[in-house]
Amino acid sequence: MKKRYIVNLTAEEREWLRQLVSRARVSGLKRMRANILLKADDGLTDQEIADELEVGVVTVERVRKRCCERGIAESLDRKGQENPSRPRKFDGASEAQLVRFACSEAPAGRARWTLSLLADKLVELRVFDSVSKSTVQRGLKKTSSSHGR
């Protein structure tokens, strides 16, 4: 016999999910998962929920399981990768060096730092063996600094 995950929502949780479903700017995936949880709390079976929302029974089972194991908020969002296929290039120290260079004076003959110049500087100082402009851009995007100021 399969293990069954039963969803029991409090009044505040139900109201929060109802508001989430009625909002205009919510992703379709999050809205669908919230609807699954609301219907599961009403006592509908997985098959009834799947037929009503036009999703697979396995999807309903998965959302119920996630809700019971991780909580309501985490069951609505996508799960992050535990082991990404490619590890992050920037760590705290290398990111700090990138920001330090981006906020410093531009090299002679230049008005400001470009992504290419920053990438070349990081390679020149042996922070990395190689780094692309897009990796530098993502590193700068995470910070609140602006190398244009």
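Since the model is a prediction, treat every value here as computed from it, not as a measurement.
For N8, there are no side chain to side chain donor-acceptor pair (under 3.5 Å) partners two or more places apart in sequence or in a different chain. The side chain to side chain donor-acceptor pair (under 3.5 Å) check on Q97 picks up nothing, with sequence neighbours excluded. In terms of the side chain to side chain contact (heavy atoms under 4.5 Å, CB included) criterion, residue partners of S75 (sequence neighbours excluded) are, by chain and number, L37, R66, C67. For K30, the salt bridge (Lys or Arg N to Asp or Glu O under 4.0 Å) partners at least two apart in sequence or on another chain are D77. With sequence neighbours left out, the salt bridge (Lys or Arg N to Asp or Glu O under 4.0 Å) criterion links E82 to K79. Not counting sequence neighbours, the partners of Q19 by the side chain to side chain contact (heavy atoms under 4.5 Å, CB included) test are E15. With sequence neighbours excluded, the residues that form a side chain to side chain contact (heavy atoms under 4.5 Å, CB included) with E69 are Y5, K65. With sequence neighbours excluded, no residue satisfies salt bridge (Lys or Arg N to Asp or Glu O under 4.0 Å) with D120.
L125 and L98 end up in the same hydrophobic cluster when Ile, Leu, Val, Met, Phe, Trp and Tyr side chains are linked at under 4.5 Å. In the hydrophobic cluster analysis, where Ile, Leu, Val, Met, Phe, Trp and Tyr join through side-chain heavy atoms closer than 4.5 angstrom, V63 is grouped apart from V57.
For the side chain to side chain contact (heavy atoms under 4.5 Å, CB included) with L38, the lone residue among L20, L17, L44, I49 that qualifies is L17.
Residues in residues 11-65 take part in no ring pair (Phe, Tyr, Trp, His ring centres under 6.0 Å) pair, two or more places apart or across chains. Applying the ring pair (Phe, Tyr, Trp, His ring centres under 6.0 Å) test to pairs two or more places apart or on separate chains, those with a residue in residues 77-106 are F90-F128. Applying the side chain to side chain donor-acceptor pair (under 3.5 Å) definition to pairs two or more places apart or across chains, those involving residues 121-132 are S132-S134, S132-T135. Applying the salt bridge (Lys or Arg N to Asp or Glu O under 4.0 Å) test to pairs two or more places apart or on separate chains, those with a residue in residues 34-48 are R14-D41, R14-D42, K39-E52, D46-R64.
The closest side-chain heavy-atom distance from I72 to V7 is not below 4.5 Å. Side-chain contact between W113 and S104: present, with at least one pair of heavy atoms (C-beta onward) separated by less than 4.5 Å. A heavy-atom distance below 4.5 Å is not found between the side chains of L122 and S94. Residues L29 and R78 are in side-chain contact: their nearest non-hydrogen atoms beyond the backbone lie under 4.5 Å apart. Side-chain contact between V26 and V21: absent, with no pair of heavy atoms (C-beta onward) separated by less than 4.5 Å.
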**OP:** Assess whether side-chain contact (heavy atoms from CB on, under 4.5 Å) is satisfied between R33 and T59, documenting all intermediate values.
**Re:** CA-CA 9 Å; R33 289 177 177 172; T59 301; over 6 Å; no
Original post:
Is there a side-chain contact (heavy atoms from CB on, under 4.5 Å) between V60 and T45 once you walk through the steps?
Top reply: CA-CA 9 Å; V60 177; T45 66; over 6 Å; no
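At distances below 3.5 Å, at least one donor-acceptor pair connects side-chain atoms of R31 with backbone N or O atoms of R23.
Between the CG atom of N35 and the CZ atom of R18 there is a distance of 11.0 Å, given to the nearest 0.5 Å.
Heavy-atom minimum distance, P107 versus L117: CG-CD1, 4.1 Å.
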